[in-house]
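Notes for the one structure printed next.
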Amino acid sequence: MATTEHPPPSRSRTEPAPPSRLRAWMLQGLSDMGKGGGHTGPHAEPEPPHKGQPWWRVMCLTGVDYFSTLGYQPGIAALAAGLLSPVATIVLVIVTLAGALPVYRRVAEESPHGEGSIAMLERLLSFWQGKLFVLTLLGFAATDFLITITLSAADASTHLVENPHLTGVLHDKQLLITLVLVALLGAVFLKGFLEAIGVAVALVGAYLALNVVVVAVGLYHVVTAGHVVTDWAGALTTQHGNVFVMIGVALLVFPKLALGLSGFETGVAVMPHVEGDPDDTEERPTGRIRDTKKLLTTAALIMSGFLITTSFITTLLIPEKEFEAGGQANGRALAYLAHDYLGNTFGTVYDVSTIAILWFAGASAMAGLLNLMPRYLPRYGMAPHWARAVRPMVIVFTLIAFLVTWIFDADVNAQGGAYATGVLVLISSAAIAVTIAARKARQRNWTIAFAVISAVFLYTTVANVIERPDGVKIGACFIAGIILVSLLSRLARSFELRVTSVTLDPLAERFVRDMASRRMRFIANEPDRRDIAEYRDKIEQIRHDNDVPGQEDFVFVEVTVTDPSEFEAGLTVRGEVLHGRYRVLTLESASVPNALAALLLYVRDLTGRTPHIYFEWTEGGPFANLLRFFLFGQGEVAPVTREVLREAEPDRKRRPKVHVG
């Protein structure tokens, strides 16, 4: 048995020039945000496994997105539900704890390497429809994560611009401030991922501590001013009648509160950075799964407690008119209470903390993007190899965030619909994925429970889309952009040698070593009946077309196309003797030309001899054959095989020979 991890280098023997400092720095830690260790590309050296972080530190990274919604969630709830805000928030918390949390705990168990629900759904579909489905979900994920970056930065700049001490100086500088905040976020990730976690821990710790103080003081004022509760209860009863009407109205306004569900998808996406146990393996990282469940549960419980208490105190203590546009509590309800009850000094500290965490909320989104995109697009051949590296992708995402910010003029409200749509589509897809997983595992009760949860989130998604269709439009732009760029990249990389390893069984290896003592001649054959006449006639045709002497012998090579939408894969070569005289090497691959080129290069390096391969021309127009090759891995095999060999081996003297008759 002969096995290699990758076809031996098919380059010229001239040593390449050492990479520049900038290139080395840009590609440093090629798999830092992806799976630890292992090859990250066909020409990359293996990286050491990534050292994880304790789960509570990683929770802070996802929490800057999740917890930062306290900056605007109470105000959104008050505007959407009015006096009913605490009841509507309780509905949101129930959906969070009984719906989103169980779903994502199951996702963490089913997909422990950070691929999330997208990977679970990817397994259900093959061929091109599976790739397009994943690209669509990645489009919604990009919508969610990128809008998180731009919306959070815009909201932070809004708080800064509306500060009484700065509004006179900064009132017309919101777009510029937002762009600077996005650039600073990108700079943190260019510096390194560990620095991002350290900043997140500090910001989340300070922000939650300040919110505890605000909530405690708010509850104290509610309790000491007893009439506040009775006045609210009386007004609520007068307005809505009975508790069933209240619950019904709360369910109707629930989709408007869906931003409070953000953070779960990111929590799963950054799973590879959770430390886990020393004996965890890549196949079954039990400790990482357990600690990620702790991360998700702890974050959900903390946020649920804050959502209920903050909606309660803001509804009871802030006049309703202050929540409206132009009011002092619009978009900053807790900051309003901090200034009103704890003084301007504490209020200013609270403002600074809120601005900081809103700015850094994009860090969890950036982490999610850097973990998701490199796992799919390069593997599909729909992005360059450098797309697996952290720093180039940080620059790409930062530039896209600049564009989005400029298009929406750093307007928070204009981006809210897209944000909610991205969040809800991802949660709905996760709920559907775990429902299917539970059904396959024959867990009847969990299947029913997850199906009900899926229905709830699908209703919420549809209701949100109907009310704010701009979210779907923005998401569609991201999807169209990802699909277009991906297909163009796949087309540009079509002629790459994309076989990651070659394995010969003992009989195939014996064929190759036996041929090494004379001229190595292969015939590319498309298997049909595989009877004796097929092989006899093929040899006669090749000898006649290429004027090959009768004493020369051949080995047939037959490639069966499996899934032509796959890009990189290993190659297993099996040998067999048909009809007692014809030696045949059989291969399975996503692309016939790539498989043949990889085999020829491997044979050349194994034996030190230059192999020859013989083809016949394929009927049909060149454009139609190119499309057949691009979509189905076949087409005009001879010239494409030669082109793959030319790109893989620049030295003509060492290049295997291709003959066409």
Between [atom1] on residue [X] and [atom2] on residue [Y], distance to nearest 0.5 Å:
X: Leu307; Y: Leu70; atom1: CG; atom2: CG; value: 6.0 Å
X: Leu138; Y: Leu369; atom1: CG; atom2: CG; value: 10.0 Å
X: Leu587; Y: Leu504; atom1: CG; atom2: CG; value: 8.5 Å
X: Met303; Y: Phe264; atom1: CE; atom2: CZ; value: 9.5 Å
X: Leu645; Y: Thr641; atom1: CG; atom2: OG1; value: 7.0 Å
X: Ile482; Y: Thr136; atom1: CD1; atom2: OG1; value: 9.0 Å

Least distance between heavy atoms, [X] atom then [Y] atom:
X: Val644; Y: Ala597; result: CG1-CB, 3.6 Å
X: Ser111; Y: Met120; result: CB-CG, 4.3 Å
X: Thr292; Y: Ala108; result: CG2-CB, 4.0 Å
X: Ile302; Y: Met59; result: CD1-CE, 4.4 Å
X: Arg574; Y: Asp505; result: CA-OD2, 3.3 Å
X: Ser589; Y: Val559; result: CB-CG1, 4.2 Å

Backbone N or O of [Y] within a donor-acceptor pair of the [X] side chain at under 3.5 Å?
X: Thr447; Y: Arg439; result: yes
X: Ser429; Y: Leu426; result: yes
X: Ser428; Y: Phe457; result: yes
X: Thr586; Y: Glu558; result: no
X: Asn594; Y: Val499; result: no

Side-chain ion pair, [X] and [Y], N-O less than 4.0 Å:
X: Glu509; Y: Arg513; value: yes
X: Glu275; Y: Arg57; value: no
X: Arg290; Y: Asp277; value: yes

Would you mind reporting whether [Y] and [X] have side-chain heavy atoms less than 4.5 Å apart?
X: Val561; Y: Val592; value: yes
X: Asp291; Y: Lys294; value: yes
X: Trp56; Y: Leu295; value: no
X: Trp359; Y: Ser68; value: no
X: Val573; Y: Thr503; value: no
X: Val103; Y: Ile427; value: no
X: Thr398; Y: Leu185; value: no
X: Ile289; Y: Val274; value: no

For side-chain contact (heavy atoms from CB on, under 4.5 Å), just list the numbers for Leu146 and Thr150, CA-CA rounded to whole Å, side-chain angles, deciding distance to a tenth of an Å, and then say yes or no.
CA-CA 6 Å; Leu146 278 167; Thr150 58; 5.6 Å; no
Run the salt bridge (Lys or Arg N to Asp or Glu O under 4.0 Å) check on Glu109 and Arg105 step by step: do they pass?
CA-CA 6 Å; Glu109 188 175 326; Arg105 283 173 62 93; over 6 Å; no
Could you walk me through whether Met366 and Phe145 pass the side-chain contact (heavy atoms from CB on, under 4.5 Å) check?
CA-CA 7 Å; Met366 183 71 81; Phe145 293 144; over 6 Å; no
Across all chains, not counting sequence neighbours, the side-chain contact (heavy atoms from CB on, under 4.5 Å) partners of Val212 are Phe306
Show your working on side-chain contact (heavy atoms from CB on, under 4.5 Å) between Leu601 and Arg604 and close with a plain yes or no.
CA-CA 5 Å; Leu601 291 169; Arg604 179 204 65 183; 3.8 Å; yes
For side-chain contact (heavy atoms from CB on, under 4.5 Å), just list the numbers for Lys293 and Leu296, CA-CA rounded to whole Å, side-chain angles, deciding distance to a tenth of an Å, and then say yes or no.
CA-CA 5 Å; Lys293 289 182 178 180; Leu296 295 169; 5.5 Å; no
Would you tabulate the side-chain donor-acceptor contacts of residues 199-207 under 3.5 Å, counting partners in other chains and residues two or more places apart, or write 'none'?
residue, atom, partner, partner atom, Å
Tyr207, OH, Gly71, N, 3.3

Chi angles and distances behind the side chain to side chain donor-acceptor pair (under 3.5 Å) call for Ser454, Thr435
CA-CA 8 Å; Ser454 300; Thr435 302; 3.2 Å; yes
Applying ring pair (Phe, Tyr, Trp, His ring centres under 6.0 Å), can you list everything that pairs with Trp55, at least two apart in sequence or on another chain?
none
Passes ring pair (Phe, Tyr, Trp, His ring centres under 6.0 Å), Phe478 versus Phe140? Steps please.
CA-CA 7 Å; Phe478 276 102; Phe140 281 113; 9.8 Å; no
